[in-house]
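In listed order, ligands and their atoms are each counted from 1. Keep in mind that what you see is a predicted model, and the values were worked out from it rather than measured.
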Amino acid sequence: MKSSSLFVCVLGLALAGQKVAADESAPPYLDAAQPVETRVEDLLSRLTLAEKISIIHADSKFTTAAIPRLGIPRRWLDDGPHGVREDIGPDTWASAGRTDDFSTAMPAGICLAATWNPELGFQEGEAIGQEARARGKDIMLGPGVNILRTPLCGRNFEYLGDDPFLSGVMCSGYIRGEQSQGVASCVKHFALNNEEFDRMSINVEVDERALREIYLPAFKAAVQDAGVWTVMGAYNQFRGQHCCHNDYLLNAILKDEWGFQGVVMSDWAGTHDTRQAALNGLDLEMGTEKKYDGFYLAQPYLNLLKSGELPLAGLDEKVRRNLRVMIATHVLDSDRKKGSLNTAAHQEVARQVAEEGIVLLKNENQTLPLDAAKLKTIAVIGENATRLHTHGGDSSGIKAFYEINPLDGIVKRAGKNVNVIFSEGYGKGGGADLTDRAVAAAKSADAVIYIGGLNHDRGFDCEGADRVDMRLPCDQDGLIQKIVAANPKTIVVLEGTMVEMDAWLGKVPALLQAWYPGMEGGNALAKVLFGDVNPSGKLPATFPKKLSDSPAHALGNYPGTNGTVTYAEGLLVGYRWFDTKNVGPQFPFGFGLSYTTFTYSDLKLIPAEGVNGVVTAQFDIENTGKVAGAEVAQLYVHQRNPALLRPEKELKGFKKVFLKPGEKQVVSIPLKKAAFEYYDDGKKSWVTDDDTFEILIGSSSRDLRLRDSFRPAVKKQARQKVFNLFPPYYAWNNKFTREEIGWNPGTEEVPQWTANFNFATNSLYGYPASIRGWHYGWNPAEDNLFPKKISETTSIPCSFSYNSGGDDLHGDFAYDLFLRHDDKKAAPQLEVMVWAGNNSTPIGEIFSTNIIKVEDVAFDLWAGTNAPAGYYVYTFVPHEKTAKLPAEGSLNVDMMDFFRLLKGRDYFSMDMYLDVVEGGFEIVRGKGWATCGWFSCEAE
Ligand code: BGC
């Protein structure tokens, strides 16, 4: 056991003693000291059918119904992701007209991504979580992590750029921060919502590799690294089925493969069919344009349940997931902490994200930073200098407490001795006189700060529609050229997402990309312009020179034809396209300048220890300039001779380092196996070729300073499964702070806790660490995951074994198995065997065998527990469960009770085999999970 796991053990024991004694009169579901699943099952058993239905759909635009008799309050959801949106509704999209629904307005998601600083993501999520609590919200609808596939997508500003790795790391920090406040994040929009054109219906066709390697990883990181509690389905269709009830995305991938145990909610009005919603993984229906009891998962679903056409077990599963999130968000607890709004700390986070997210794209002759002492007159030109943005963009808009616009920020920072003049320059009704006045202002000034770009008007950076082109609106191209001709010291600041710049870029000496920098944006921008802050933002997406250079447009695959858009560029999205196809970008992915200079040296590739680690890249970075600054060191992997096409290089690690002038730091970026893998669609699994890989380190994707090559050792034996712990579950029950469990927002370098389940020897090394782990899928040695069709006698081993090493076993163990007929054959039979043993006894004794027939399903489950005194002495706990297998639909065999019998026992080890004696069943889902127990854990 490593020392880190010892820390958790000791901590777990220490805190266990501090638990407040449960109120004996309170039902288990109200007792916060009880394990989450105990509370869930207890509450589930008390709900009527009608109450269960009320939990899985909305009763206003952003709420679900209360159940006062059980103390369940109304649940409140809200947008997301840039703060807590003003109150809407209740039954329309109109503002609720309140005066107490302001919030801190954070910079847009793309700006957060440009910080490349996951710790800031954590802080932003934490602040929004606190504000959500103050505003009485339980679930916040963000972050949005759809990949920037085309520069035209109207929601690119909300998302985190075009790289799956960066998006995954940045969203994970945010989610951890928000959920640390007992507020659920909702990662959205799952999946492939990459354009707003025809967004409610457009059907996306994408190959399996691009799906797995480009469009899903950020969601997977949200689920598996950050433990997000809710996921929002997307409006669009994927392979002909709407994403809010897409069997493959929701059941097969999200729930079965990734083990997601939280709630899948629809996007607002994204549900279209009751049966699909019932069976394909949707757990909460929101925003349907119908009366609430006419929602697909309301009365229509109830009717099908009552007639027996749909199984009740499916409803229970949805309710269970909702209850789990209710418990996580403390909505049932009387002592839920009040939050705080608009604190100095929150304002500080908003400003810092803007400061670190603004990207310096050009700075000839050290035009920046400006020295106020040397300037008499500054002309600030451009409509965006005074325009407020935080309320815009549609659902992500915020009713901000205040918003410092760029002009205000500059005036304040420039001080009394500098004359700041303002000229609008362009605007909707703009014409020649606006231009003339701007040119005159430029001529009269020592320097010009031009503040233009896009805005949140529909058709620019706004939900619900895409942009029509990539050009600056209102002939800003022409205006900028006139201004720079009038005053060569013209600094261009662009707000919004990427635009074409060829018309003027060569003529201006300095350019800053400021995105939408939130309510502290003007202050942040002024600090960057005047050098109080040294810019450290890096582009989270490639800026093409022109629209037709970017992959979807180069191949003519936007916006799609006849309702379908085919992602023919496959994996080659963003810099993967530009680098592989040798197309020169305007500004490459990862690019961003600083007021200082950094040198990189001394790269070493150190073979890593541990199950998951492969190699650690270690190198030095030195600040060789005169001012302090931060550099984002980026690590890309290039494979020399891949068996299948791979992009020229891919980001697999990064690290932001803050250095004083002259300071040198050793930077380590560990790489795990995943850094070398690609998805082999033939094998339907992630593979690593036996090949040499180049490790490229640099300041951007096209400014590589160090390189070395590496050949990972080929491991012949099956990969040991390492299960990520789900911190929320850990936190749910034990209420530890993140500091207490050493749980930090996720750079590759900061350890994450994992539980190691060694399936090869069928043993689980037990130390009292009070960590829960998950077991999902079957036969992990073969990576043989669901869904699986069984047509003849098949044995699917599913192993779970546990040895506490003498410490008490606490809590419940649950195993849910979902079976569904795929073909109504006469009397299909299932045989369930549970074998018991312990770690040193080979598995082999069958303690119970039972035949399951269609009409009468019964099976005995036995678990062996060996008494602490004698290692080979077993006492067995028989448990029989009978259930009717419906003629159609699915049967949920809930083995919860069975596992409950294990409670309090010191040792047990169990294998369960499901044998299909005759075909006719499809296993649609199978997973087990242990809600409590002492598992071994190690920091990777
Ligand atoms: C958007 C979501 C948003 C929801 C609720 C939808 O139109 O696509 O991102 O969370 O509305 O406002």
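Note that CD of Q123 is 6.0 Å distant from CD of Q352, once rounded to the nearest 0.5 Å.
In the model, D225 has no side-chain atom that pairs as donor or acceptor with a side-chain atom of S172 under 3.5 Å. If you check the side chains of N384 and H389, you find a donor sitting under 3.5 Å from an acceptor.
Using a 4.5 Å heavy-atom cutoff, the side chains of D466 and P559 are not in contact.
Annotation: ligand 1 has protein neighbours F62, D79, R85, W93, L141, R155, K188, H189, R199, M232, Y235, D267, W268, S395, E463, each with a heavy atom less than 4.0 angstrom from the ligand.
By the 4.0 Å N-to-carboxylate-O rule, K61 lies too far from D78 to be salt-bridged with it.
F102 carries K399 over the face of its six-membered ring, with the cationic atom under 6.0 Å from the centre and within 45° of the normal.
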